[in-house]
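Reviewing the structure listed below.
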Amino acid sequence: MALSELPSESHITLRKMTVADLTAVSTIEKQSTLFPWTVKHFEDCLKAGHEAWVICDNEDHIISFTIVQKVVDELHLLNICVQLQHQGQGYGKAMLNHVVQFAKELGSVLIVLEVRRSNTKAQSLYTQAGFNEMSVRRDYYPAEEGREDAILMGLDLRLLSLFGASS
Ligand SMILES: CC(C)(COP(=O)(O)OP(=O)(O)OC[C@H]1O[C@@H](n2cnc3c(N)ncnc32)[C@H](O)[C@@H]1OP(=O)(O)O)[C@@H](O)C(=O)NCCC(=O)NCCS
């Protein structure tokens, strides 16, 4: 799904995330995840020069954000999140699609990410986009009770172009 296919596309913009966005970004993160990143974590990502974008409504309120890190010829998807009330409306798919396009333009060969085993919603978003499970990191995340596995997922962009898959 592209930005132009979203329901209210004429009011939606995608732009780079800035430090001024971090309070809003952190609020969205806290509402959507049990173990949210801290503001400092977001700040460090921006300071480190990682690419980060937000999707905003017509009043520049943030609906979704993502942060990626280029590691040699791979792109690591560090975070992707949609504001709770806007989940299930195609914004996650649109943002992920933007990341895939960016990776292709950059010449990356692989996009990789880690996702909690219990996060079946996100896994289904990634699987639909062509990601496959690559491996499991046992007890990687803190959980409400004990620890939880991370599933390492990857999208091989060379295979994607070989088989002529669209964006
Ligand atoms: C995971 C997340 C980014 C998905 O974004 P979204 O805008 O809610 O998802 P979309 O509306 O774009 O849906 C994309 C796909 O996700 C999956 N999905 C979305 N909602 C779902 C649900 N309630 N149950 C199962 N799968 C779901 C589906 O595969 C869906 O495709 P479909 O509509 O064609 O079936 C979003 O729910 C979120 O921010 N969750 C909290 C943070 C998080 O878990 N981030 C990922 C960390 S790895």
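Atoms within a ligand are numbered from 1 in the order they appear, just like the ligands themselves. What you see below is based on every heavy atom in this structure, not just the backbone, and it leaves out hydrogens, waters and symmetry mates.
Sorted by first and then second residue, the salt bridge (charged side-chain N to carboxylate O under 4.0 Å, His left out) pairs involving residues 127-137 (not counting sequence neighbours) are Glu114-Arg137. Counting only residues at least two apart or in different chains, salt bridge (charged side-chain N to carboxylate O under 4.0 Å, His left out) contacts with residues 31-40 comprise Lys40-Asp44.
Listed by chain and residue number, Arg15 satisfy the side chain to side chain donor-acceptor pair (under 3.5 Å) test with Asp60 (two or more places apart in sequence, or in another chain).
Near ligand 1, Ser32, Thr33, Ile80, Cys81, Val82, Gln87, Gly88, Gln89, Gly90, Tyr91, Gly92, Lys93, Glu114, Val115, Asn119, Lys121, Ala122, Ser124, Leu125, Tyr126, Gln128 each place a heavy atom less than 4.0 angstrom from the ligand.
Between the side chains of His86 and Gln89, no donor-acceptor pair is found at a separation under 3.5 Å.
Side-chain contact check for Leu152 versus Tyr140: every heavy-atom pair is 4.5 Å or farther apart.
Note on ring orientation: taking the six-membered ring where Trp is involved, the planes of Tyr126 and Phe131 are tilted (angle from 30° to 60°).
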